[in-house]
Structures are given as structure tokens and as C-alpha cells.
Amino acid sequence: MHLDPVFWALIFGAPVVFWLLPARLRYGFLTAASIGYLATRDWTSVAALLGWSVLFFLVAPKALASGSSRRRVSLGLVLAILGYLVFFKYAPPLWNALAPDDSGMSVVLPLGISFFTFKLIHYAFAVRDRQVTDRSLATFLSYVFLFPAFTAGPIERYDHFLEHREDRLTVAAAAAGLTRIAHGLVKKFVLAEIVVRQWLLNGATAADVVARAHELGVPGTWGFLAASLLYAYFDFAGYSDLAIGGSRLFGLRIMENFNHPLTSAGIGQFWKRWHMTLAGWCQAYVYMPVMARTRNPVVAVYATFVVMGLWHEGNLNYLCWGLYHGTGVVVALSWARTCRRRGWARPSGRVRTALVIAATLLFVTGSSIFSTTSPLGADAMLRLGAAALGLPIGGAE
Amino acid sequence: MTVTHDDLMAFLRDGLHVDTSSIDTDTALFTSSLIDSFAMVELIVFLEKAGEIRMPPADVTLTNLDSVGAMLAYCATRAD
């Protein structure tokens, strides 16, 4: 989408029309521009999402009514949209893993399905919890379909969206938006694609590295994993910058998604700085409810990271990715709790901080074993993991 | 029985070993990482015991738990 000239014409042209219109027409225009553009990419997905959006807009407020059906309304909406997500995203790989070779299931994944599903679930709960009272359909649809953030997030909260709208465009806001877009372009197309992919990785893909893992050895494998982490960061942070900057041109200050995560001192801090909107969503709608029911933070942490993993892709690689990060967070929090209970002073200072940052970076780099091999399957994940640990790789020589 | 401001600050200081000198009523505790996810469970147990209340799962939200003021307000409504 970000290589499409129409996208860029819309990013720079639509704000001009948006600000020339009377305030009451602006969000209707933004909705029409977003839907019109996205429909040129995948009109069936957009039509389905329009139906889902109108359904949520009309039905979600019924959770505010008194009576026994109150909780069932939001739960019903959430289960329905989750069913839609499961059908398209998780049922095909599961079916194909279980079914005979000649009966494979293939469906086209709706555009932006993981992002809009989570936005709609948030909306249902936010309305139920009275965090959202705005009843403008045009504003709601502009939030759901906001084209700069549609395919790569951030996963904006509707209450945040409503509270961070500006009613006039200032020179400072326009400059901030354009600067942010420039940052995004540099991250995505210079740092991610040229510096990391072309120079550091020399165009090598995970498939190449898995095939040559026995030649690369442990240092070479870790070099690939580190470069892959850098690529993922610049790629995703770049897209987030483009979305944040593009939205700012419409007077929308949407949520930040990254905050220098590669300098985090601890895995807990890392998850406060990397894909912050997904982590925040999962904290509110997975961690808190599971913790509230089980009173067991370990179970809640694992549930949270399994959901975060499967949100990326419905496969064994991302399930393992979630368990890996969940284990890291549980170990870090358990250690902090032990120190707290025993009254052990935790060392501070620059050397200690540098060591913790290095350890965190090493741990996160290790998670590239799961994410980079996601398109290749579990066998590739095991082979890359074995190469990273210096273990013999069966069948490679 | 209602949880008081002093009770809560004492638990944060002595029970969770949090530096309370910079915490005021509205300071975000969890979302700003002053208190971690594991400590949240200990805090809930404290509120239930000190306030002689039971927090149903639907009430275990950041809205009710993310600051001293929010926790005191929640406990006050439950004690009514």
C-alpha cells in the first residue's frame, strides 16, 4: 500500500480538502476517502468491515441497558467478530495441518483483519464501560477505516482518538506530521530496506539462512537474528511513523507504537516500548481479565503473550514466540518479586544498566528464531534454533 | 471498613517496597511501571483484606487500580 502513488496522493491531497470543509463534514469526508481508497485495494473486505462496523455501532450501546442481557451484548459482539477472525486467519492453517493433502482450505485474508478486529473488540468494551459516549457514525467509521493506519496500526483506542482531535490545522501540526512521515520513509525505505536488508543481510532471507545454517555457525546465525530484529524494528516503526504522521495531517494525534525499545533495560520495559498499542490492548483485554479470574499473574502473563503471538500469525512458530516472551517476563517479574520480598537491594549504575540492556537485547534477538521462520514452518524454526545454540542440525549436511 | 490513604501508602512502602515519596493521589502506578504486574495481585489481596470487600473480576480494571485515588474511590464505593 505504501508504494501506491494513490496512497501518497491521498495522504497529501485529502488533508487539504478536509480542512477546507466545514467542521461538521470533515469526518464524513475522511470516512469516504478512507473507504473509497481501501475499496480499490480489496472491496469485499471493506464491504464486510462496513457491515461489522455498523453492527457494532448500533448494537454495542445496548450493553448500557440495565438487565441480565447487558453483559451478553458485548460478549456476543466480541465472540462474533472473533469467529470471523478465526474463520479467516486460524481455521485454514489448522485445517491444512489436520486434513489430508488433497483437501486443503484456502481463503483470502481480509485486508487489515487483525487490526480492525481488535479495534472493534475494544469499541464494544469501551462503550460498555462508558469510556465512549460519542454517537457520531461518521466519526466512528473514520476511526475504524482511518486509511493511514488501516493495515499496520497502531491499534488506536477510540477514547484516545476522540480526545486527541484538533479542530484546526496549525503550521506546527502540519510540520510535525510531515516530519514524522519523513522519519517513517527513512526508517522503512533506507534503514530497513537498504541498510539492513541489502547491506547487513545481503538480501539473505530466513529460508537461505536455514538452508545454510550449518555453514554459518553460531556467530553467523546470531548475526542474522540480530539483523532480522533490526529489520523488524525499522520496518514496523517506519510504518507506524507514516500512520502517525499521516493522521496528524488530519489533526489526529493517534497513539504511539514504539519508544526506543532496543535500549530497554529489562524485558518488562521492552514490552512497554515495543508495539505499545498491541501490548496495551492485551493488558486491558487479556491480562487483566485472566488475572482477575485466576488471581494468578503467571497464567495471565502466559495467556497475554500467547494471544500476542497468535495475533501475528496462527502457527506453531508464533505460539512458541509467545511462550518464549511470556517465560522471559515471568522470570523477570519473579526475580523482581523475590528481591522485593527478601529486601535485596537491586544494584544500579551505568554498568549494571548497560548489562541489563545487553541481556534484554540478546533475549529479544533470540525471539527472531520464531518470527523469521514463521512463513517456513516449525521445522525451519527448530533448525534455526539448533543453529543458534550450536547443536547438530539433522539432514543439513 | 474503609481503606485509608495512610494504610494504602504504608502497604505500597512496606509491602511492595515502592518509593512513595513521589507518589500522589493521581500518580499512575501500573501504566507507568512503578508497580509491576505481579505486585498487582498482592495489592488486590491487600485491598480486599483491609477493606473487607471482595473485588469481582469485572471490577479488576486499571480504572479502579491504576492510582491511589482510584483505589480509594473504588474501596469507598464498595464499602457503602
Side-chain angles (χ1 to χ4, degrees), chain A residues 63 70-71 74-75 125-126 128-131 157 159 259 264-273 276 279-280 282-305 326 329-346, chain B residues 3 7-23 26-71 73-78:
Chain A
R70 180 176 174 270
R71 291 179 63 79
S74 37
L75 193 62
F125 287 134
R128 182 200 67 185
D129 297 338
R130 301 179 192 279
Q131 294 166 348
R157 294 174 60 94
D159 49 338
N259 179 20
S264 299
I267 189 64
Q269 192 180 90
F270 175 82
W271 279 111
K272 297 269 183 194
R273 295 174 168 203
M276 293 149 66
C282 287
Q283 181 187 47
Y285 302 121
V286 183
Y287 180 82
M288 296 296 286
V290 174
M291 196 273 286
R293 281 160 181 81
T294 63
R295 300 290 173 102
N296 186 331
V298 174
V299 172
V301 167
Y302 274 112
T304 302
F305 280 97
V329 171
V330 164
V331 169
L333 289 175
S334 298
W335 174 246
R337 182 170 61 185
T338 300
C339 291
R340 193 171 69 237
R341 286 180 173 171
R342 301 197 175 185
W344 292 346
R346 304 184 76 186
Chain B
V3 181
D7 293 338
L8 190 47
M9 293 300 268
F11 178 73
L12 291 173
R13 187 178 59 246
D14 303 330
L16 299 180
H17 302 278
V18 175
D19 176 7
T20 54
S21 60
S22 59
I23 293 179
D26 298 323
T27 303
L29 299 174
F30 297 103
T31 51
S32 65
S33 302
L34 279 170
I35 293 178
D36 65 41
S37 305
F38 277 25
M40 179 183 281
V41 177
E42 295 173 51
L43 192 53
I44 291 170
V45 171
F46 166 77
L47 292 174
E48 289 186 330
K49 197 171 174 183
E52 295 178 353
I53 57 172
R54 173 78 187 159
M55 279 187 91
D59 288 355
V60 179
T61 63
L62 288 175
T63 308
N64 290 331
L65 293 168
D66 202 25
S67 68
V68 168
M71 286 185 271
Y74 173 75
C75 289
T77 61
R78 295 289 295 174

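Naming convention: chains lettered A, B, ... in sequence-line order (proteins, then strands); numbering from 1 in each chain.
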Only pairs under 3.5 Å, no angle test: what donor-acceptor pairs are there between chain B and chain A?
{"from": "B/H17", "atom 1": "NE2", "to": "A/R340", "atom 2": "O", "distance (Å)": "3.0"}
{"from": "B/F30", "atom 1": "O", "to": "A/K272", "atom 2": "NZ", "distance (Å)": "3.3"}
{"from": "B/S37", "atom 1": "O", "to": "A/Y287", "atom 2": "OH", "distance (Å)": "2.9"}
{"from": "B/E42", "atom 1": "OE2", "to": "A/R340", "atom 2": "NH2", "distance (Å)": "2.5"}
{"from": "B/E48", "atom 1": "OE1", "to": "A/R295", "atom 2": "NH1", "distance (Å)": "3.0"}
{"from": "B/E48", "atom 1": "OE2", "to": "A/R295", "atom 2": "NH1", "distance (Å)": "3.4"}
{"from": "B/E48", "atom 1": "OE2", "to": "A/R295", "atom 2": "NH2", "distance (Å)": "2.9"}
{"from": "B/M55", "atom 1": "O", "to": "A/R295", "atom 2": "NH2", "distance (Å)": "3.0"}

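Chosen from B/V60, B/V45, B/L65, the residue pairing most often with chain A at heavy-atom distances under 4.5 Å is B/V60.
In terms of heavy atoms, B/I44 sits closest to A/M291 at CD1-CE, 3.7 Å. Of all heavy-atom pairs spanning B/F38 and A/V301, the tightest one is CE1-CG2, 4.2 Å.
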